[in-house]
Amino acid sequence: MPDRDSVPAADLPARTVRRAGDWAVGNRGPGPDGEDRYFAVSRLCRHQLADLSEGTVDADGCLVCPWHQSRYDVRTGEMVEGPRGFLGYHGPTPGYTQLVRLLGSIARLRVRRATRQGDDVVLE
Ligand code: FES
């Protein structure tokens, strides 16, 4: 069973997300210095509580929810794009999407610092 506060770096290639206890730990890929940029945010989507450790990281480095594709800025925990659907429906919901995004920009995910330490990515 994985440690609650770390993930083996080998399990976190660029643009992947894994679970560490209550946290979704991910890798945004290399920054300007060539080093991988790791992050950790609380695991439950602000929309309908999907497990964000099962999400993906898009080309902009945002964490994308696996259920309705809400997007999060992992540096702040803010929802920057609202869901595309709700419950089992997946599709356009313009007004609803904007309302949830507004709420998600206020009720942000919690953020922790995640750094490479030896062979692991450790939450601080
Ligand atoms: S549960 Fe995450 S976008 Fe719906």
Side-chain angles (χ1 to χ4, degrees):
M1 182 161 186
D3 187 305
R4 293 177 58 83
D5 291 320
S6 69
V7 174
D11 292 348
L12 270 178
R15 296 175 60 180
T16 59
V17 188
R18 298 286 181 265
R19 176 179 177 178
D22 293 338
W23 301 87
V25 182
N27 180 355
R28 300 173 66 213
D33 61 359
E35 299 292 321
D36 281 325
R37 296 170 297 172
Y38 298 106
F39 65 86
V41 295
S42 47
R43 269 182 41 222
L44 299 182
C45 181
R46 291 303 196 205
H47 178 222
Q48 290 180 325
L49 308 180
D51 185 346
L52 294 171
S53 71
E54 296 177 5
T56 55
V57 178
D58 69 14
D60 295 328
C62 288
L63 175 58
V64 181
C65 178
W67 284 4
H68 311 104
Q69 291 73 51
S70 284
R71 297 171 66 240
Y72 290 92
D73 182 334
V74 293
R75 297 165 298 184
T76 63
E78 178 180 356
M79 184 187 287
V80 294
E81 188 172 331
R84 297 182 201 153
F86 53 88
L87 299 175
Y89 170 72
H90 298 266
T93 53
Y96 177 73
T97 295
Q98 289 306 313
L99 175 63
V100 174
R101 192 204 66 77
L102 178 63
L103 295 174
S105 69
I106 297 166
R108 298 178 178 196
L109 300 175
R110 289 175 292 143
V111 176
R112 267 177 94 177
R113 190 170 146 84
T115 58
R116 175 85 182 246
Q117 294 182 21
D119 292 337
D120 296 320
V121 176
V122 177
L123 307 190
E124 297 175 5

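Counting starts at 1 for both ligands and their atoms, following the listed order. Any value given below was found using the heavy atoms of this structure, including those in side chains, with hydrogens, waters and symmetry copies removed.
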Listed once per pair and sorted, the ring pair (Phe, Tyr, Trp, His ring centres under 6.0 Å) pairs that draw on residues 5-33, sequence neighbours left out: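 Pairs touching residues 5-33 that pass the test: none.
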Which ring pair (Phe, Tyr, Trp, His ring centres under 6.0 Å) pairs, counting each pair once, include a residue from residues 51-71, with sequence neighbours left out?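 Passing the test, one end in residues 51-71: His47-His68, His68-His90.
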Which atom of Arg18 lies closest to which atom of Asp11, heavy atoms considered: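 The answer is NE-O, 3.0 Å.
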Could you list the residues that satisfy side-chain hydrogen bond (donor to acceptor under 3.5 Å, both in side chains) with Arg75, not counting sequence neighbours?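 Checked Arg75 against side-chain hydrogen bond (donor to acceptor under 3.5 Å, both in side chains); matches are Asp73.
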Under a 3.5 Å distance rule, please check whether Asp36 uses its side chain to pair with a backbone N or O of Asn27 as donor and acceptor.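 No: the side chain of Asp36 does not pair with the backbone of Asn27.
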Flag, side chain of Arg28 to backbone of Pro30, donor-acceptor distance under 3.5 Å: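 A pair under 3.5 Å: no.
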Return the number of protein N, O or S atoms with a distance to atom 4 (Fe) of ligand 1 smaller than 2.8 Å.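 That number is 2, waters not included.
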